[in-house]
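Inspection log for the structure reproduced underneath, given as structure tokens.
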Amino acid sequence: MTLTLRDVEHIADLARLALTAEEKERFREQLSAILDYAASLQRLDISDIPPTATVLPLRNVMREDVARPSLPPEDVLANAPDTAEGCFRVRAILE
Amino acid sequence: MQYEPIIGMEVHAELLTASKMFCGCDAHIFGAPPNTHVCPVCLGLPGVLPVINRKAVEYTLMAGLALHCQIAEFSVFARKNYTYPDLPKGYQISQYELPLCRDGWLDVEVDGQSRRIGITRAHLEEDTAKLFHAGGYSLVDFNRAGVPLLEIVSEPDIRSPEEARQYLIRLQQILRYLGVSSADMEKGAMRCEANVSLRPVGSTALGTKVEVKNLNSFRSVKLALEYEIERQARVLEAGGTVEQVTMGWDEVHNRTVVQRSKEYADDYRYFPEPDLPPLEISREWVAEIRSRLPELPEAKRARFIADYGLDAQQAEVLVQERAVADYFEEAVAAYGGAARAVAPWISGELFRLLRAQGLEMAEVPVPAKALADLLILIDEGKITSGTGKQVLAQMFASGRSAAEIVEAEGLAQVSDAATLEAAVRKVLAAYPDEVAKYREGKSQIIGWLMGQVMRETKGKANPQLVRELLERQLRQC
């Protein structure tokens, strides 16, 4: 399967990545190769196999609805690159 | 050409659990300072694992059952991937192919016409962080991230903005009756989006749909849909095509504005959440939850009409809130008389007093039993109905009983014939012109004369007696 340049641009946009023209071409080739490899799975006949959400034998792992203390605010923001007014500060988001 | 709007609603309601969806942070975040209800799990720090809150699942099943949904025997959480700073993990834990509830319905009524709106699905997910947009940057408060969120998606069965509004009102009532969400739109505890498209009347094809977000009140929903329907009609009339976009409702300028181009379901790259084992919902659990469901507004409305002889409108007003309905029933039981006589005291006087104080029914300072006692005093002729209203206002303000107030303020009805006769005589003497008019045949003036006698007796006179005395004296002299 060969991705188009537009596919790569769309995927980059979803990941909020700005790519150069050269990167776009390189990733187009690499991503196409990955998809080709994954596409080999399509050759298997899975019509009798129900979709599998997990391979673990676990079911219904739940906890009781009890609140417990949260982190102290100074710990919350300790690793943040930028903060203001008790919040994480990020670059402007335009709707 | 005549167009018909096709509307589907997506409603998100925050669930009233004590803790968040996948961690133990306190879920009561309203008014809390930013980032004080967060932990490594809801901040998406490396190495942590989410654990499902059993209560949130139970609340979702309650809502699903109340909306006549099928409850899944096998349900899976899914990752919805998108890149936005309101998601600490880069994905939201939601549900996709195997939601907890599907295929339900909700009846709404517009202009006396009942219509059934299909519910496609009701699923559980986590809320996102709150963003504050400042000039050159944005601030992120993760308190809301991870609060359990119930998403209810309707079929595109809604045909008018008013029907959409009624759908939301009914949904809010049900969620509040169940006690699973405050469903308070002003506080963002219930949020909604609408998908709207137009098609020529008579056609069955669906047009291109536009998603309208930022509908923060029942009023906004109606206004935004009206605006959007008109806008799309204009585009189609001019021979254009409607673009599939996401619009936001601008409350200030009352218009919809394009927000961003639509990301399609494929772009979210949903896949089963590997950190959460699937849920197998036993039929025993479903039956147990069903047995605990309270009587819902629709059933209560029908019962109030059948058992208490209320008319549809009275019943509607009384079942809007569970607290009001309970109060009414308690008052009726204590009163023992006709329920129809109790209803207007609640929907009229009591609501007026509550509104004036900005109080909710749950905070009403007059117990239902005390209201019943007041009505009994009126029935026994101890006070007039007019005095009763004054007494209720005082009960509301002071918390004293009706009997205490009547006694202390000397408000008991005056039925003493001699006292009333004197008052009547005084009024007739003071208004000879009106008396003359009565005798010329303008008999309705007796109402005005009665008013004067009531004024003379500070509203305490037994009105029946006053009328009799007035009529007798007017005939005599």
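Everything numeric in this text was worked out from a predicted model, so none of it was measured. The sequence lines fix the lettering, A, B, ..., with proteins before strands; numbering per chain opens at 1. Heavy-atom basis, side chains included; hydrogens, waters and symmetry copies ignored.
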Could you check which of A:Thr54, A:Leu56, A:Val55, A:Val66 has the highest count of heavy-atom pairs closer than 4.5 Å to chain B? A:Val66
With a cut-off of 6.0 Å (strictly less than), are more than 12 heavy atoms of other residues, nucleotides or ligands near CZ of A:Arg6? no
Does CG in A:Leu58 sit with more than 12 non-hydrogen atoms of other residues, nucleotides or ligands closer than 6.0 Å? yes
Side-chain touch A:Met62/B:Val51, heavy atoms, less than 4.5 angstrom: no
Pick whichever of B:Gly248, B:Gly136, B:Gly90, B:Ser75 has the most heavy-atom pairs under 4.5 Å with chain A. B:Gly136
Is the CD atom of A:Glu9 crowded by more than 12 outside heavy atoms at less than 6.0 Å? yes
Does CD belonging to A:Glu85 count more than 12 external heavy atoms closer than 6.0 Å? no
Crowding at NZ, B:Lys130 (>12 non-hydrogen neighbours, <6.0 Å): no
Check each atom of B:Val76 against the heavy atoms of chain A and say whether the ones under 4.5 Å are side chain, backbone, both or neither. side chain
Check against side-chain contact (heavy atoms from CB on, under 4.5 Å), A:Glu64 and B:Arg54: CA-CA 6 Å; A:Glu64 292 310 311; B:Arg54 180 190 303 274; 3.0 Å; yes
What do you reckon, is CD of A:Glu22 surrounded by more than 12 foreign heavy atoms closer than 6.0 Å? no
Are any non-hydrogen side-chain atoms of A:Cys87 and B:Val140 less than 4.5 angstrom apart? no
Given heavy-atom pairs under 4.5 angstrom as the criterion, report whether the side chain, backbone, both or neither of B:Phe271 touches chain A. neither
Of all of B:Leu279, B:Asn53, B:Val57, which one pairs up most often with chain A through heavy atoms under 4.5 Å apart? B:Asn53
Chain A heavy atoms under 4.5 Å from B:Leu131: which part of the residue, side chain, backbone, both or neither? side chain
Contact class of A:Arg91 relative to chain B, heavy atoms under 4.5 angstrom: backbone
Side-chain heavy atoms of A:Arg68 within contact of B:Cys39, under 4.5 Å: yes
Region of A:Val61 in contact with chain B, defined by heavy-atom distances below 4.5 Å: both
Specify which of A:Leu71, A:Thr83, A:Asn60, A:Ile11 makes the most heavy-atom pairs with chain B at under 4.5 Å. A:Asn60
Scored by heavy-atom pairs under 4.5 Å with chain A, the best of B:Cys42, B:Gly24, B:Cys23, B:Pro40 is B:Gly24
Taking A:Asp65 for its side chain and B:Lys55 for its backbone only, find out whether a donor-acceptor pair lies under 3.5 Å. no
So which of B:Pro274, B:Ala129, B:Pro85 has the largest heavy-atom pair count under 4.5 angstrom toward chain A? B:Pro85
Side chains of A:Arg59 and B:Pro278: closer than 4.5 Å at any heavy-atom pair? yes
Would the number of heavy atoms belonging to other residues, nucleotides or ligands and lying under 6.0 Å from CZ of B:Arg290 be above 12? no
Residue, of B:His37, B:Glu280, B:Glu273, that accumulates the most heavy atom pairs under 4.5 Å with chain A: B:Glu280
Donor-acceptor under 3.5 Å (B:Asn35 side chain, A:Gly86 main chain): yes
Check for a donor-acceptor pair, side chain of B:Thr83 on one end and backbone N or O of A:Leu14 on the other, with a separation under 3.5 Å. yes
Using non-hydrogen atoms only, which part of B:Phe142 is less than 4.5 Å away from chain A: side chain, backbone, both, or neither? side chain
Check B:Asp26 against A:Ser70 and note the closest heavy-atom contact, atom names and distance. N-OG, 4.4 Å
Select one option (side chain, backbone, both, neither) describing which atoms of B:Leu139 are under 4.5 Å from chain A's heavy atoms. both
Can you confirm whether more than 12 heavy atoms, excluding those of A:Glu25, are under 6.0 Å from its CD atom? yes
